[in-house]
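Here is the structure we will look at, set down as structure tokens.
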Amino acid sequence: MTDTASPLRMLIVEDSEDDALLLLRELRKGGINPYHELVDSEERLSNALSQNKWDIVITDHNMPGFSSFRVLELAGKYCADLPVIIVSGTIGEGIAVKAMKAGAQDYIMKDNLSRLIPAIDREVREGYVRRAKRLAETTLEHMAYHDSLTDLVNRREFERRVVQALEDTHANDNSRHVLLYLDLDQFKIINDTCGHIAGDHLLKQIAALLSHHIRSDDTLARLGGDEFGILLRGCNEVDAQNVADKLCDEVSDYRFVWQNKPFSISLSIGMVLVNRDYRSAGELLSHADLACYAAKDRGRNNVQLYKSNDVEMLQRQNDMRWTSRIQQALQSDSFCLWQQDMVGLQPNSVDGYQTEFLVRLKEGGNIIPPGAFIPAAERFGLMTRVDRKVIELAFQYLDRTGLGRKDAGTFFINLSGSSFNEPELFLFIRQMAERHKLNPERICFEITETSAIANLNATQRFIQNAKQSGFKFALDDFGAGMSSFSYLKALPVDYLKVDGGFVRNLLDDSIDLGIVDACNRIAHAAGLKTVAEFVENDAIKTRLVELGLDYAQGFGISKPKPLI
């Protein structure tokens, strides 16, 4: 507080200028020369508090027209964490206790000002702590319900609001709501030709463009990738169609320019009327997604309303049902493994060969990436069987090559959150490891942070059992959730893989850089190794070396390739 570069900012509420001067003299005797303002009326107090620039309020108790209780009330209204100390010559013990219950941090008699400086010193420090805590809580709460890239509402919050709209429809015959599902038609081209950074810039610009056409009661959300959702409350089919058509026109007229190269963008929009026929938000979103695909099939840059009797939509729905294809692939051994290597970034982080196994699906001469079938496998409860197949293929490879019996090296295998709820899976893993005579320490299972948190108790039990047998664990996509650091204590993992969304932008975004640095520091404090994902070039790799991360993975390190 005595730092002349940032003096204590004190608001004095006192009707006696002489008493205020005595108070300031006492402070200066103690080495404190505050920036201060003296107010003696409720109006002046409100104006001063609205500036939100104070470290502490020192107030008399009895003043013409108002008392310290009104000061406490206004301080709480304008600055919830601002400490208030009552300095009075007339306040009784009973009133003082009542004032403390009303929010005062301390009360001091004017004939005993020797307590003033220690009280101010203590309460200013605690006020800073309260404000920092409140800011952190507010930030974390915002992160929990908003997309980190676009700052739009995220999928979880959007689904919650869709549920509310559906409940409203069931409770009120006159309720009218419409759900729009939007997909960018040319996003993959831009992502593939210009990179993820360009794709991220496009998503942020499209989010801003869409926001201009959304009413205050409506909700615009980013649902993932290049997909957006809009909930139009109190809106009929005709008005919703007009809104959707307008959005298509706006995006179609927009030109995205990256490195002096222009790109044309368009939207495909699926529309669903929220009515009593629906029982869940998932069903609504599924039909909206289906209608969006129908819009793409019908030429893109258009709007399609979901109709249960639409022949093309029914066909599309059948096409989306991957169940039989996945089951057939499991029976015919059509799944195969690819791998993506990692490199050590620090002299002490090189402890053998590091690679991650990646699942692919073979259909004829085509290799289908996991993004095409994993969502369907998860949706239809087949992911545990896919995980078992991946484990089987990985263990066979480690046995055949002998890599699973080496003294060094780590082989990462992804597991879905649903697999951790299967009691028999760990027994299967242990039996397979024994059959192939593998060293469990060579094998590291990965689970995403969001999946781990969603199944926290089951994940903890699974990890504890597996680690007792020598297996390792990695927490993937770390940093994406609002409570990443707090959950880290609950999960006894060995590796922390920093979410690639932060890594790929760390050279241009100081917040992303800070998040990557914080993840690395906290992981090392917990005794964990860190892996940076989505490392796309040497410049990012160099910066990661400087930050002290242990490993790097991404297209700039090694592209995925089939197992030999």
Side-chain angles (χ1 to χ4, degrees), residues 322 325-342 351-374 376-378 381-420 422-448 451 462-463 465-474 476 494-495 497 531 551 553 558-564:
W322 273 87
R325 295 170 68 181
I326 294 173
Q327 289 175 333
Q328 184 178 359
L330 288 166
Q331 295 171 0
S332 61
D333 290 329
S334 296
F335 286 104
C336 62
L337 294 186
W338 286 34
Q339 69 182 67
Q340 186 176 30
D341 296 339
M342 308 172 195
D351 52 8
Y353 185 60
Q354 308 277 330
T355 194
E356 178 180 354
F357 293 131
L358 307 170
V359 65
R360 299 288 190 266
L361 177 59
K362 295 181 294 184
E363 284 192 348
N366 297 321
I367 299 295
I368 302 174
F373 58 87
I374 292 296
E378 291 176 336
L382 295 171
M383 200 57 224
T384 299
R385 292 180 60 190
V386 174
D387 282 346
R388 282 180 175 244
K389 176 57 67 175
V390 170
I391 293 168
E392 181 181 339
L393 293 172
F395 283 17
Q396 288 173 354
Y397 172 79
L398 293 175
D399 182 10
R400 184 176 72 252
T401 59
L403 293 171
R405 290 181 286 275
K406 297 286 187 181
D407 294 329
T410 308
F411 300 88
F412 292 74
I413 302 173
N414 289 281
L415 294 180
S416 64
S418 58
S419 288
F420 284 78
E422 185 193 10
E424 303 296 327
L425 181 62
F426 172 67
L427 179 61
F428 171 79
I429 291 173
R430 190 170 62 184
Q431 290 174 342
M432 290 289 292
E434 291 173 355
R435 179 187 306 172
H436 294 287
K437 298 179 175 57
L438 302 182
N439 180 357
E441 293 183 0
R442 301 284 70 78
I443 299 162
C444 180
F445 293 108
E446 284 189 36
I447 184 171
T448 64
S451 295
F462 189 97
I463 293 177
N465 289 334
K467 284 180 70 68
Q468 287 176 0
S469 296
F471 296 99
K472 297 177 181 177
F473 276 85
D476 197 13
D494 306 280
Y495 292 84
K497 301 188 77 172
V531 181
Y551 298 95
Q553 180 182 17
S558 175
K559 294 183 179 180
K561 57 189 177 184
L563 289 184
I564 301 176

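Since this is a predicted model, take the numbers as computed values, not measurements.
Separating the CG atom in Leu438 from the CG atom in Leu403 is a distance of 10.0 Å, to the nearest 0.5 Å. Atom CG of Leu382 sits about 7.0 Å away from atom CG of Leu330, to the nearest 0.5 Å. The CG atom of Leu415 sits 5.5 Å away from the CZ atom of Phe462 when rounded to the nearest 0.5 Å. Here CD of Glu356 is found 13.0 Å from CZ of Phe411. Values are rounded to the nearest 0.5 Å. Note that the CZ atom of Phe395 and the CZ atom of Arg442 stand 13.0 Å from one another [nearest 0.5 Å]. Distance CE/Met432 to CD1/Ile391: 8.0 Å, rounded to 0.5 Å.
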Working note: His436 + Leu398, criterion side-chain contact (heavy atoms from CB on, under 4.5 Å); need CA distance, chi angles, decisive distance, verdict.
CA-CA 8 Å; His436 294 287; Leu398 293 175; over 6 Å; no
Run the numbers on Asp341 and Thr355 for side-chain hydrogen bond (donor to acceptor under 3.5 Å, both in side chains), then give the verdict.
CA-CA 4 Å; Asp341 296 339; Thr355 194; 2.8 Å; yes
Given side-chain contact (heavy atoms from CB on, under 4.5 Å), test Asn414 with Val390 step by step and report yes or no.
CA-CA 8 Å; Asn414 289 281; Val390 170; over 6 Å; no
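In this structure the side chain of Leu563 never reaches within 4.5 angstrom of the side chain of Thr401, judged on heavy atoms. Looking at Val386 and Ile326, their side chains come closer than 4.5 Å, going by heavy atoms from C-beta outward. Contact check for Glu422 versus Met383: no side-chain heavy atoms found under the 4.5 Å cut-off.
Residues passing the salt bridge (charged side-chain N to carboxylate O under 4.0 Å, His left out) test with Arg405 are Asp399, sequence neighbours excluded. Checked against ring-ring contact (aromatic ring centres under 6.0 Å, His included), Phe335 has the following partners two or more places apart in sequence or in another chain: Phe373.
The 12-atom threshold is not exceeded at CD of Gln328, counting heavy atoms of other residues, nucleotides or ligands nearer than 6.0 Å.
Nearest heavy atoms, Ile367 versus Cys336: CD1-SG, 4.5 Å. Between Ser469 and Phe426, the shortest heavy-atom contact is OG-CZ, 3.4 Å. Contact record, Pro370 with Val359: CD-O, 3.5 Å, taken as the closest heavy-atom pair.
A cation-pi arrangement, defined by a distance under 6.0 Å to the six-membered ring centre and an angle within 45 degrees of its axis, is absent between Lys406 and Tyr353.
Legend: salt bridge (Lys or Arg N to Asp or Glu O under 4.0 Å) pairs involving residues 357-369, not counting sequence neighbours, sorted by first then second residue: Arg325-Glu363.
At distances below 3.5 Å, at least one donor-acceptor pair connects side-chain atoms of Asn439 with backbone N or O atoms of Glu441. Between the side chain of Gln339 and the main chain of Lys561, no donor-acceptor pair closer than 3.5 Å is present.
Residues Tyr397 and Phe357 place their aromatic rings such that the two centres sit under 6.0 Å apart.
No option in Phe445, Phe412, Tyr495 other than Phe445 meets the ring-ring contact (aromatic ring centres under 6.0 Å, His included) test with Phe473.
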